[in-house]
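Report on one structure; see the data block that follows.
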There are 2 protein chains.
Amino acid sequence: MTGKSPPSCPMDAILRLLMGPWTTYILWILNDRGPQRFGVLKRAVPGISTRVLTERLRMLQAAGVIWREQSSTIPPAVTYGLTERGKELREVLDALDEIAQRWQREGAFSDPRLATA
Amino acid sequence: MTGKSPPSCPMDAILRLLMGPWTTYILWILNDRGPQRFGVLKRAVPGISTRVLTERLRMLQAAGVIWREQSSTIPPAVTYGLTERGKELREVLDALDEIAQRWQREGAFSDPRLATA
DNA sequence: CGGGATCCCAGTTGATACTG
DNA sequence: CAGTATCAACTGGGATCCCG
């Protein structure tokens, strides 16, 4: 993230975790399609760079939201999937998503200040 | 936010809305203490600059999450408060906050990568 | 294939000064 | 009091190259 928030609020930590672009999208995919390999994720998330995808996965893993399984073959195969904590998080995110979709229908994000790009 | 996410996902819009530092903190205060004036908010959110606070309030207002009431007196008095939509949002944020606190007790954010500062 | 190291740019923030 | 304007500084992201 760019700035920082009052350290006292744990929610800020969890939001920092989710905040980066695509983070929720990654969780969405892992929740929707089950465990996936790095390359598949990269292709599934349109426009993400290797560096950022790696970073996001590391953060999610550090928070115990996803697991990482690495086979030491050549070429390597690394698979990521949701942990229990990740699934728990998805539930809340789904609720948030439901609200977001409704608000969108109601035009809540039509203001240019909230532009997608 | 800095980057951009898949435009198709409304949740990204709502996360962009919440994401900026202090945004959830502002909502928290408005939810907790009721409508507040600009200056009070500024003092309540430690370290925020005038410019950023203004921008956040504008975004939240644009999304219909908070209302703004201005009295054209001198000196002016501007008050902000949660709308129904804002209260609805707080419910989900409270659920997220509950998870965040539990995770914190479980050490989910102890990794330096998720550092608060 | 998965990802670490670099370089560079754009956007965002912080600080400061000014105004109705 | 409640902002707006401006500028400098920082950070995060994209692109690229390389390695095990």
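In the text below, chain A, chain B and the rest are named by the order of the sequence lines, each starting its count at 1.
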Taking the side chain as every heavy atom from C-beta outward, state whether A:Thr24 and A:Trp22 have any atom pair closer than 4.5 Å.
-> no
Spacing of B:Glu55 atom CD relative to D:dA5 atom P, expressed in whole Å = 13 Å
Connected via hydrophobic side-chain network under 4.5 Å: A:Trp67 and A:Leu27 | no
For A:Ile74 and C:dC1, what is the distance between atoms CD1 and C1' respectively, to the nearest whole Å?
-> 11 Å
B:Arg56 side-chain N/O to C:dT13 phosphate OP1/OP2 under 4.0 Å = yes
Among D:dC1, C:dG14, C:dG4, the nucleotide that comes nearest once only the side chain of A:Arg58 is considered | C:dG4
Out of C:dG14, D:dT4, C:dG2, which nucleotide sits closest to the side chain of A:Arg68?
-> C:dG2
So, A:Glu106 and B:Arg85, do they make that salt bridge, N to O below 4.0 Å?
-> yes
Should the pair A:Arg102-B:Glu88 be classified as a salt bridge under the 4.0 Å nitrogen-to-oxygen rule?
-> yes
Going by atom types only, do A:Thr79 and A:Arg37 share a side-chain donor-acceptor pair under 3.5 Å?
-> no
Specify the separation, in whole Å, of atom CZ of A:Arg43 and atom C1' of C:dG3.
-> 15 Å
Name the closest nucleotide to the B:Thr54 side chain, picking from C:dG2, D:dG3, D:dG13.
-> D:dG3
A:Thr50 side chain near A:Lys42 side chain, heavy-atom distance below 4.5 Å = yes
Hey, is A:Arg90 close enough to A:Asp94 for a salt bridge, meaning N to O under 4.0 Å?
-> yes
Whole-Å gap separating P (C:dT13) and CD1 (B:Ile48) = 9 Å
Given atom CG of B:Leu53 and atom C1' of D:dT4, what is their separation to the nearest angstrom?
-> 14 Å
Would you list the protein and nucleotides 15-20 of chain D atom pairs, both N or O, that sit under 3.5 Å from each other?
| unit_1 | atom_1 | unit_2 | atom_2 | d |
| --- | --- | --- | --- | --- |
| D:dA15 | N6 | A:Arg51 | NE | 3.3 |

Rounded to the Å, how far apart are B:Gln61 CD and D:dA2 P?
-> 15 Å
Closest to the B:Arg37 side chain, choosing from C:dG14, D:dC1, D:dG14 | D:dC1
Which whole-number value in Å describes the distance from A:Lys42 NZ to C:dG2 C1'?
-> 11 Å
Taking only the side-chain heavy atoms of A:Trp22 (C-beta and beyond), determine which of C:dG14, C:dT13, D:dG14 contains the nearest atom.
-> D:dG14
Rounded off to whole Å, could you give me the CZ-to-P distance for the B:Phe38 and C:dT19 pair?
-> 18 Å
